[in-house]
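This report refers to the structure that appears directly beneath it.
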Amino acid sequence: MPRSGDSLFQLTPKEGEPKHSKVAIMSRSSNGVVQALLTDLYQITMAYAYWKSGKMDDISVFDLYFRRNPFQGEFTIFAGLEECIKLMQSFHFSESDIEYLKTVLPSKTDPKFYDYLASLSANDITLSAVPEGEVVFPKVPLITITGPLAVVQLLETPLLNLVNYASLVATNAARFRMAAGPETTLLEFGLRRAQGPDGGLSASRYCYLGGFDGTSNVLAGKMFGIPVKGTHAHAYVTSYITLEDLKIKTLTSLDGSSEFNFIDLCLKYQKELAGVIGFLPDQVMAGELAAFISYAQAFPEGFLALIDTYDVLKSGLPNFCTVAMALNDLGYQARGIRLDSGDLSYLSNEVKARFVKVANHYSLPWFEKLTIVASNDINEDTIHSLNQQGHSINCYGIGTHLVTCQKQPALGCVFKLVQINKKARIKLSEDVDKVTIPGMKNVYRLYGADGTALVDLLQDSSEVPPKQGDRVLCRHPIQESKRAYVIPASVRALHEIWWHDGKVMKPLPTLTELREKTKQSLRTIRQDHKRALNPTPYKVSVSSSLYTFIHELWLESAPIGELF
Ligand SMILES: Nc1ncnc2c1ncn2[C@@H]1O[C@H](COP(=O)(O)OP(=O)(O)OP(=O)(O)O)[C@@H](O)[C@H]1O
Ligand SMILES: O=P(O)(O)OC[C@H]1O[C@H](OP(=O)(O)OP(=O)(O)O)[C@H](O)[C@@H]1O
Ligand SMILES: O=C(O)c1cccnc1
Ligand SMILES: [Mg+2]
């Protein structure tokens, strides 16, 4: 198993690596396993057959897109582009890759093919794409790759791998964000449940892009600059049995002026608070109190306690309030509590009600604003249900459902040939949804006067772009009767060229900028496309001329059947 800092997760380019970029040099892929060999064998066998028949340099155009939005939703967040561009920078077969391939391909493979493979780079590739963090819709090419057929074919699998999960989990995170609302803190706690180390790192990165506020994943914090956050586990609480376990009795006040017997102070508040919030001191668990005291001694300025180990209302909450009030005497403000089981609506409201009592009794307004974190198998539906029931949670810690995307574990992005040597190609299917939209295309987003997106329009690249104020006929790509005139208040070309002639063409946004981009892009999408239940589909259409072209090519490419 490689260690981090070894080969698996690299942060910086290796010395001597090609630096194609004219723009500020970026790190190599943040994940060292992203490389030319991270592809399916059939890409390499096709490359050999293309090479053998002299077809390898045919100029091809491929579109990367998905056919259906995930999670029964009607929008998707596009993510993973930066890694795709970094793949362009680093794409090559090393000597050891070639040696390995010699053991995989048949022994009669022409040895000159290996020289050809060794000479390959992505310098002749042009990559245009929608900006990362943009809201995107089915059938719209997210990435269009132009270049020598064999090289583009070899890129299919890694590009799909880099975009599929990134976009899926970013979309999942954005959905959790919409469910929780803008004010609630969302923390990603998924590393222990993620699909391996890389799944965990990707999840942290793209959940942040999708709108989470932080992660518990420390390596992701270091690598991507994501705020790292956390509380403590039940083990910390159960490791203490009595107050005798506390080896240190004291705590120094915030201003450093005096040292207090912190245990005595806690016991004084325990008695006092019993009357204020209503509990029986002989019912509280002494080991839990000891655990909270020791955690507060370690983090007096950031004390947040997990209060559900034994009994939230009879023990955990009283113990938290006890320690928080003792800290207050020393000048410290506690942070809050975490609930990890039980009825999160009921318990969070009960906790809040007791915080209000303490706040009023001691005239400490901040006490009613303490953080109430909820965790434990939370999914999007749980949050919607909690919202309906009413709750007092202001922070969620979410792991399993977020990072594994349990509701839909894969986004079906595909990579399809749409043009070869300037000739448009179409792939037919019994399932009309799977018929490809042929040719090199431009993608436009047409906006209404209030800045919301009305429709995405695909045109052949030779067509004149739509103009603001002009009436544009937008047609459903397949169904003849579905069409609409749109007079856009503004028009945006969605694709930008990111990689051309061996160079990164523009500076890549930081992760924080991508997170902001996602937020802004979601604001331009109408609420009914984003709602959780039965959202309205957003329209993706083609120009009249592209519609005619698709259907002519379709007829040309479909053999006429005979009935006997
Ligand atoms: N008020 C609520 N409305 C809807 N779902 C809730 C509510 N409160 C908790 N949940 C969810 O119900 C599920 C309860 O799961 P489960 O029964 O396994 O946990 P528990 O018994 O509370 O805790 P544990 O088994 O960890 O001690 C969790 O997924 C949790 O997020
Ligand atoms: O539930 P998730 O959304 O995945 O969030 C992460 C979970 O991980 C932690 O404990 P863990 O589940 O490992 O132990 P527990 O079942 O005892 O809480 C934490 O307490 C959460 O419950
Ligand atoms: O910090 C936490 O509370 C945490 C971190 C990971 C998983 N569960 C909880
Ligand atoms: Mg759990």
Side-chain angles (χ1 to χ4, degrees), residues 71 168-169 172-173 175-177 179-180 184-197 199-208 210-222 224 226-240 285 287-288 291-292 294-296 298-299 301-312 315-317 319-320 334-345 347-348 351 370-386 391 393-409:
F71 313 120
L168 183 76
V169 80
N172 204 19
R175 295 180 65 90
F176 275 91
R177 165 55 70 200
T184 305
T185 302
L186 290 180
L187 303 178
E188 177 266 313
F189 280 176
L191 182 57
R192 66 190 58 199
R193 303 274 154 67
Q195 275 93 344
L201 279 173
S202 297
S204 303
R205 177 178 184 172
Y206 296 112
C207 287
Y208 187 64
F212 269 57
D213 297 298
T215 177
S216 61
N217 180 345
V218 183
L219 183 58
K222 181 181 177 204
F224 309 127
I226 305 170
V228 283
K229 307 274 180 203
T231 70
H232 66 80
H234 294 112
Y236 190 83
V237 178
T238 51
S239 72
Y240 286 84
M285 297 297 287
E288 188 181 53
F292 289 1
S294 67
Y295 212 64
F299 300 103
E301 292 176 74
F303 176 58
L304 192 149
L306 173 60
I307 61 168
D308 71 337
T309 304
Y310 302 111
D311 187 299
V312 170
S315 181
L317 184 64
N319 279 333
F320 167 78
R335 290 280 170 85
I337 59 96
R338 174 160 78 98
L339 296 167
D340 192 48
S341 59
D343 184 324
L344 297 173
S345 158
L347 287 174
S348 65
V351 166
L370 287 169
T371 301
I372 301 179
V373 186
S375 54
N376 183 28
D377 253 339
I378 288 171
N379 60 32
E380 202 190 324
D381 294 339
T382 318
I383 299 179
H384 287 300
S385 168
L386 287 167
H391 65 83
I393 297 157
N394 46 26
C395 175
Y396 288 103
I398 308 174
T400 312
H401 287 273
L402 176 66
V403 307
T404 68
C405 299
Q406 207 153 0
K407 197 169 177 185
Q408 181 178 324

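Numbers here simply count residues along the sequence, with the first being 1. One-based numbering, in listed order, for ligands and for the atoms of each. All values reported here derive from a predicted model rather than from experimental measurement.
Looking at Q406, R192, R338, H234, it is R338 that brings a heavy atom closest to atom 19 (C) of ligand 2.
Remark: distances from the non-hydrogen atoms of R193 to ligand 2 include one below 4.0 Å.
Of the protein's non-hydrogen atoms, D340 OD1, 2.8 Å is the one closest to atom 22 (O) of ligand 2. Given atom 5 (O) of ligand 2, the protein heavy atom at minimum distance is G399 N, 3.6 Å. The single protein non-hydrogen atom nearest to atom 1 (O) of ligand 2 is D377 N, 2.7 Å, given as residue, atom name and distance. If you check which protein heavy atom lies closest to atom 4 (O) of ligand 2, you get T400 OG1, 2.4 Å. Of the protein's non-hydrogen atoms, the one nearest atom 8 (N) of ligand 3 is F189 CD1, 3.5 Å.
A heavy-atom distance below 4.5 Å is not found between the side chains of L344 and Y396. For the pair Y236/L306, no side-chain contact is recorded, criterion being any heavy-atom separation below 4.5 Å from C-beta on.
The atoms of ligand 3 that sit less than 4.0 Å from any heavy atom of R192 are 6 (C), 7 (C). Each of the atoms 1 (O), 2 (C), 3 (O) of ligand 3 lies under 4.0 Å from some heavy atom of T231. Atoms of ligand 3 lying under 4.0 Å from at least one heavy atom of G230, given by number and element, are 1 (O). Interface atoms of ligand 2 facing N376, defined by a heavy-atom separation under 4.0 Å, are 1 (O), 22 (O).
Taking both residues in full, the closest heavy atoms of G199 and A194 are given as C-CB, 4.0 Å, listed atom of the first, atom of the second, then distance. For the residue pair L187 and C395, the shortest heavy atom distance occurs at CD1-SG, 3.8 Å.
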Evaluate ring-ring contact (aromatic ring centres under 6.0 Å, His included) for F292 paired with Y240, printing each intermediate quantity in order.
-> CA-CA 9 Å; F292 289 1; Y240 286 84; 10.0 Å; no
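N172 and H401 share no side-chain donor-acceptor pair at under 3.5 Å. Side-chain N/O atoms of Y208 and T215 include no donor and acceptor closer than 3.5 Å.
For R205 and F224, the positive end sits near the middle of the six-membered ring, less than 6.0 Å away and at most 45° from its axis.
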